[in-house]
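First the structure, in the form of structure tokens, and then the observations on it.
All of these numbers come straight from a predicted model, not from anything done at the bench.
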Amino acid sequence: MNAADPLAEPSLVLSMGEPAGIGGEIAVKAWRSLRQGGPVFTFLGDPALLGGEPWRAVSGPEQAALVFRDALPVMPLQLPVPTRPGRPDGRNASAVIEAIERGVALCRAGRAGGLVTNPIQKATLTGTGFRHPGHTEFLAELAPGAGPPVMLLAAAGLRTVPVTIHCSLRQALERLNTDLILRIARAAAAGLQQDFGIVRPRLALAGLNPHAGEDGTMGTEERDIIAPAIARLRREGIEASGPYPADTLFTPEARARYDVALGMYHDQALIPVKTLDMSGGVNVTLGLSVVRTSPDHGTALDIAGTGQADPGSLVAALRLAAELAAHRRRNRATPHPPQEPT
């Protein structure tokens, strides 16, 4: 971002996440890593979480570039009660939620280029009446887009999308159907076009059962549910293939043949990304009206306050958010014709 023209590339905003977790620590470490030449961001949260590092209060992300090299820009949001590392307090849940809401509002108003969210402690929020299973569903309510929200995990050389998320394996099996696969696949293809600049995305769909059902001997979901979705996507002009056995879908040779792999349930899509690049994986929400990324890890309550937290995933999330925001700006200038279902 050019300090002489701070609105040319709107800076990012970073929500504080769970105050008792590692959000404050990795925010500071990310700022140290990026202050000499990386995406500019503003921290939305309580400055007390920053461990005494230099910070500067700003009234909005428009001012962030002017102070970023010398201090971490902060839009202060005071916690109701002091936090203790590793010990979430439900009384601070309202501030955690407010940070997310303010970040979305800044993005929707065009004052920030994208929102990066530090991890939240879902159980703590749920205990105070928060009704959403996670960030993805909450953000879909705050910043709805043209299609359903889609969780995409990105790492070096791999992108994956789970068709069913934030539910038990039993519930995933009950929810999986052709229509759901179609909705998620269409949204994933549109998101890769809009946010990643991939004009014709290649989608690879995993099978549900071992060996992708082995011609129906280990399950018929591939034949009855997944294959019909792939056929429909192809008729719509979306480059989709599969269903592939999940145990061979993520080899280096296989990854070279697609832009995103769709897993039928949560861990089928998340395990390969976290195994490949745990410290650099990024969670992206496609299908929103704003850019949103997040580190691909949790609140790490067990190491909060020890100084051991690795900021790698947050740095990657900030860099990717800046890239996605740039793609969106270019798409607004020269939009691609949308792919319409037939």
Side-chain angles (χ1 to χ4, degrees), residues 122 133-134 136-137 148-189 191-192 198 201-236 238-287 296-298 313:
K122 301 180 185 70
T136 302
E137 296 82 0
V150 170
M151 176 193 292
L152 179 144
L153 288 301
L158 177 63
R159 302 183 192 93
T160 65
V161 166
V163 173
T164 59
I165 63 171
H166 296 151
C167 65
S168 71
L169 184 56
R170 185 181 301 277
Q171 290 172 320
L173 296 175
E174 294 170 350
R175 295 176 185 179
L176 187 68
N177 58 57
T178 299
D179 287 341
L180 177 61
I181 295 171
L182 285 170
R183 286 192 288 113
I184 299 301
R186 288 167 182 152
L192 288 174
I198 302 172
R202 299 167 299 165
L203 280 59
L205 279 71
L208 175 67
N209 299 298
H211 305 291
E214 194 75 67
D215 295 323
T217 62
M218 295 186 185
T220 61
E221 286 83 1
E222 286 76 15
R223 180 191 65 203
D224 299 338
I225 296 175
I226 304 172
I230 294 171
R232 177 62 184 268
L233 292 167
R234 288 173 177 166
R235 291 198 298 271
E236 295 175 6
I238 296 175
E239 193 170 332
S241 62
Y244 298 109
D247 61 351
T248 58
L249 184 56
F250 304 105
T251 65
E253 295 79 8
R255 296 200 306 267
R257 296 193 290 269
Y258 58 78
D259 297 302
V260 65
L262 273 65
M264 296 301 111
Y265 54 92
H266 187 276
D267 284 2
Q268 193 181 51
L270 271 66
I271 287 174
V273 170
K274 294 190 176 185
T275 301
L276 182 67
D277 192 7
M278 183 65 188
S279 65
V282 179
N283 183 346
V284 181
T285 306
L286 303 176
D296 188 20
H297 58 67
S313 186

Let me see the working for L173 and L208 under side chain to side chain contact (heavy atoms under 4.5 Å, CB included), right down to the final yes or no.
-> CA-CA 9 Å; L173 296 175; L208 175 67; 3.8 Å; yes
Non-hydrogen atoms of C167 and A172 that approach each other most closely | SG-N, 3.7 Å
Between N283 (side chain) and D296 (backbone), is there a donor-acceptor pair under 3.5 Å?
-> no
Heavy-atom closest pair (A156 atom, L276 atom, distance to 0.1 Å) is O-CD2, 3.1 Å
Tightest non-hydrogen contact, residues V273 and A269, listed as CG2-O, 3.8 Å
Which heavy-atom pair separates A206 from A246 by the least distance, and what is that distance?
-> CB-CB, 4.5 Å
Separation between OG1 (T160) and CG (L152), nearest 0.5 Å, reads 6.5 Å
Per side chain to side chain contact (heavy atoms under 4.5 Å, CB included), Y265 is matched among L169, L176, L270 by L169
Would you find a donor on one side and an acceptor on the other, under 3.5 Å apart, between the side chain of R183 and the backbone of P148?
-> no
Step by step, would you call R234 with S241 a side chain to side chain contact (heavy atoms under 4.5 Å, CB included)?
-> CA-CA 8 Å; R234 288 173 177 166; S241 62; 4.1 Å; yes
Tell me, do I165 and E137 make a side-chain contact under 4.5 Å, heavy atoms counted?
-> yes
Got P210 and D247 here, is their nearest side-chain heavy-atom distance under 4.5 Å?
-> no
Please name the pair of heavy atoms, one in S313 and one in V282, separated by the smallest distance, quoted to 0.1 Å.
-> O-CG2, 4.2 Å
Verify, without hydrogens or angle tests, whether T164 (side chain) and M264 (backbone) share a donor-acceptor contact under 3.5 angstrom.
-> yes
Give a yes or no on whether the backbone of N209 and the side-chain of E222 come within a donor-acceptor separation of less than 3.5 Å.
-> yes
All heavy atoms of I184 vs all of V150, minimum pair found to be O-CG2, 4.0 Å
From I225 CD1 over to I230 CD1, what is the distance, rounded to the nearest 0.5 angstrom?
-> 12.0 Å
Side chain to side chain contact (heavy atoms under 4.5 Å, CB included) partner of V260, chosen from I198, L203, L205 | L203
Between the CZ atom in R255 and the CG atom in L249, the distance rounded to the nearest 0.5 Å is 10.0 Å
Donor-acceptor under 3.5 Å (R159 side chain, A154 main chain) | no
Taking atom CD of E221 and atom OG1 of T178, what is their separation to the nearest 0.5 Å?
-> 11.0 Å
Distance col, row L192:CG vs L286:CG, nearest 0.5 angstrom, shows 6.0 Å
Presence of salt bridge, E236 and R232, under 4.0 angstrom = yes
Do the side chains of I271 and F250 get nearer than 4.5 Å, heavy atoms only?
-> no
Main-chain N/O of R223 paired to T220 side chain as donor or acceptor, under 3.5 Å = no
